Amino acid sequence: MANDNKKFQAIISHCKEYGYIFPSSEIYDGLSAVYDYGEWGSELKKNIKDYWWKSMTQMHENIVGIDAAIFMHPTTWKASGHVDNFSDPMIDNKDSKKRYRVDHLIENFAEELEEKGESDRAKKLLEEMDRLLAASDYEGLKQLIEQNKIKCSVSGTAHWTDIRQFNLMFSTQLGSVTEEANEIYLRPETAQGIFVNFLNVQKTSRLKIPFGIAQVGKAFRNEIVARQFIFRMREFEQMEMQYFIRPGTQKEWYAFWKAERMKWHQSLGIGPEKFRFHDHVKLAHYADAACDIEYEFPIGFKEVEGIHSRTDFDLRNHQQYSKKKMQYFDSEINQNYIPYVIETSIGLDRTVLMVLSEAYREEDLSTADKQDSRVVLAIPPRLAPIKLAILPLVKKDGLPEIARQIMDQCKPWFRCFYEEKDTIGKRYRRMDAIGTPFCVTVDQQSKEDGTVTIRYRDSMQQDRIEISRIKEIVEKQIF
RNA sequence: GCGGAAGUAGCUCACCCGGUAGAGCGAUAGCUUCCCAAGCUAUAGGUAGCGGGUUCGAGUCCCGUCUUCCGCUCCA
């Protein structure tokens, strides 16, 4: 497994230096695990989002998109299992510094009691634990641990910190008057916005199973340790698609979407050797099959996208909590059922990092008599923030005027950048560093025959082309 | 959260045993330049992360605090 931390740090610096990604609130010392996208980073992110959206919705006639709110009714998170599964009380041993989930610690101790034949005591202990957990009585739980002299298996001591609650979800108040406010959560995943709209979308779109609903949006998770740049952030963006299918067909649709999504990743111009599937052995509470698509980042293979066979877990729970029938009438087989779901869920920020990791290159261009190097972002043209730079070779003799005309011709169609400062070589290298795939340069000959040179970022090769063909040549590469 | 290291100009760093900050690159303005960074001139930019202590005097020594990085821990 590659672990090139130097390259990873270089990418982080490059992102900050060239307007891609800044630490959040940096003038106030920053905010841990939160980042802001700068002028070029936001363009790249948007281009990736658009490309995903188009390939999922426009290219699949049976998939439509929605944009659900971040705020959702609190019961949503009861139904999804997030409230019960991800708000665990934790306790640390002061000697070994090891952290335990309180319920795991006590359960393990109860098992030991069982083995020693003290099953009565074990049973009473677990009952007491459940009662205290239900009441969120952390003082009582700590006393329970201390009374039973439960020890840390590493240090062998019973020297514990106070119990603290670890909440996966961020909460806030809905309503302007605090005392009357209801506590609600910032969504920890976008999927539930799709599930709670299942009936609405099915009815209005008139789509028949199998069909999908896609969504791009922010989600929020309180990670215990959130580091590794934009790979793990507290506020992040997901691109998700839930595909509703007939029960019993989940195996084939799971295989279909695995293959389909892998194709998408490779369509970004990234070689197949940089990806792998990681099948989950231990499945989440909602899944009957799950895998990740992992990309080989400079810090090793890491998850970019998850593909989960979610069964009817979510819709069934929403039916139970909402008392609304989450059913679909399948006229082909003349049956009502709760659809099964295959989920594809890709991290947008992780995809940005993947594209940047793949694109970042430090090249040594030295020749016998001159040392030379460049840093280039070889971003696929269709995702690059700026598509075309327009450069007058010198800023006199009427060259800027011609360049300005080209600028005006091209800028309605794709993002262009005009620059007349510094030597031409310097301008080329600046464009390399922010990943601009094409530069056209206006010179004396342009005045005579209406041609310019086009310079390609990756090869640094140049061709002479007619000004009238610039738009067509660039557009061919970016769609 | 724990342990280790570091925090001086936008970036990379210097200031040797404490005497009130300097370079290169970058940026900006101009000059030069007919095709691939490091040609010339000028300008801007730092109360040395923050707070306290020792001292006649602290970027330099001590303490605290914050942030970042590395390792461990956690992660449907």
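Here is the naming used below: chain letters follow the sequence lines, and residue numbers restart at 1 for every chain. Heavy-atom basis, side chains included; hydrogens, waters and symmetry copies ignored. Here the structure is a predicted model, which means the values were calculated and not measured.
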note: A/Asp292, atom CG; B/rC75, atom C1'; distance rounded to Å ~ 12 Å
Using the six-membered ring of A/Phe71, assess whether NZ or CZ of A/Arg187 lies under 6.0 Å from its centre and within 45 degrees of the ring axis. no
**Request:** Using a 4.0 Å heavy-atom cut-off across all strands, classify A/Gln9 as base, sugar-phosphate, or nothing.
**Result:** sugar-phosphate
message = Taking B/rU32 as the reference, what is the distance to B/rU20 when you measure between their C1' atoms (whole Å, please)?
response = 41 Å
Over all strands shown, is A/Arg374 touching base, sugar-phosphate only, or nothing at heavy-atom distances under 4.0 angstrom? nothing
- Distance between the P atoms of B/rG24 and B/rG39, in whole angstroms? 13 Å
Walking RNA chain B from its 5' end, the first of A/Glu189 and A/Tyr456 to be reached, judged by nearest nucleotide, is A/Tyr456
Whole-Å distance, A/Tyr428 OH to B/rU33 C1', equals 14 Å
Whole-Å distance, A/Ile424 CD1 to B/rC35 P, equals 10 Å
**Between B/rU67 and B/rA14 - C1' atom distance, rounded Å** = 23 Å
Quiz item: Cation over ring, A/Lys258 on A/Phe277, under 6.0 Å and within 45°?
Solution: yes
Q) When you compare B/rG18 with B/rC74, how far apart are their C1' atoms, in angstrom units rounded to a whole number? A) 45 Å
Within 45° of the ring axis of A/Phe438 and under 6.0 Å from its six-membered ring centre, is that where the NZ or CZ of A/Arg457 lies? no
Original post:
Is A/Arg232 side chain donor-acceptor paired with the B/rC75 base, going by distance under 3.5 Å alone?
Top reply: yes
Note to self: Using the C1' atom as the point on both nucleotides, what is the distance between B/rA5 and B/rA76, in whole Å?
What the structure shows: 35 Å
Of A/Glu358, A/His265, A/Glu296, A/Glu294, the one forming a side-chain hydrogen bond (donor to acceptor under 3.5 Å, both in side chains) with A/Lys274 is A/Glu358
With heavy atoms under 4.0 Å as the rule, sort A/Ser373 into base, sugar-phosphate or nothing.
base
Considering only heavy side-chain atoms of A/His280, the closest of B/rA37, B/rA76, B/rC35 is B/rA76
Original post:
Between the base of B/rC36 and the side chain of A/Arg455, is there any donor-acceptor pair under 3.5 Å?
Top reply: yes
- prompt: If you draw a 6.0 Å radius around OH in A/Tyr18, do more than 12 non-hydrogen atoms from other residues or ligands fall strictly inside?
  reply: no
Which of A/Asp443, A/Asp463, A/Asp432 passes salt bridge (Lys or Arg N to Asp or Glu O under 4.0 Å) with A/Arg455? Answer is A/Asp432
At a cut-off of 3.5 Å, list every protein nitrogen or oxygen paired with a nitrogen or oxygen from nucleotides 25-30 of chain B, distance to 0.1 Å.
residue	atom	partner	partner atom	Å
B/rA27	OP1	A/Arg430	NH1	2.7

Testing B/rA37, B/rC35, B/rC69 for proximity to the side chain of A/Tyr35, the answer is B/rC69
Gap in Å between the two P atoms, one belonging to B/rU65 and one to B/rC2, rounded | 11 Å
Enclosure of A/Arg464 CZ (heavy-atom neighbours >12, cutoff 6.0 Å):
yes
Between CZ of A/Arg427 and P of B/rU33 the distance, given in whole Å, is 14 Å
Of the listed B/rA76, B/rC36, B/rC69, the closest approach to the A/His82 side chain comes from B/rA76
Side-chain atoms of A/Asp443 come closest, of B/rU33, B/rA37, B/rC35, to B/rC35
5'-most contact on RNA chain B (nearest-nucleotide basis), A/Arg429 vs A/Val394, goes to A/Val394
Whether over 12 other heavy atoms sit under 6.0 Å from A/Lys447 NZ = yes
Separation of B/rC75 atom P from A/Met169 atom CE, nearest Å, is 17 Å
Under 6.0 Å from the ring centre and within 45 degrees of the ring axis: does the NZ or CZ of A/Arg261 meet both conditions for the six-membered ring of A/Trp264? yes
Here the distance between atom P of B/rC74 and atom CZ of A/Arg234, to the nearest Å, is 17 Å
Quick one: is B/rC11 close enough that its OP1 or OP2 comes under 4.0 Å of any side-chain N or O from A/Lys16? yes
Determine the interatomic distance between C1' on B/rA23 and the same-named atom on B/rA9; round to the nearest Å.
11 Å
Rounded to whole Å, the CD1-C1' distance (A/Ile307 to B/rA76) equals 16 Å
message: Please give the distance between the C1' atoms of B/rU55 and B/rC13 as a whole number of Å.
response: 29 Å
Check: A/Phe198 ring centroid to A/Phe244 ring centroid under 6.0 Å: yes
Distance col, row A/Phe195:CZ vs A/His318:NE2, nearest 0.5 angstrom, shows 7.0 Å
query: Less than 4.5 Å apart, any side-chain heavy atom of A/Ile434 and any of A/Leu377?
result: no
Here the distance between atom C1' of B/rA37 and atom CD of A/Glu363, to the nearest Å, is 13 Å
So the stems of RNA chain B, runs of at least three Watson-Crick or G-U pairs (under 3.5 Å), are B:1-7 with B:66-72, B:10-13 with B:22-25, B:27-31 with B:39-43, B:49-53 with B:61-65
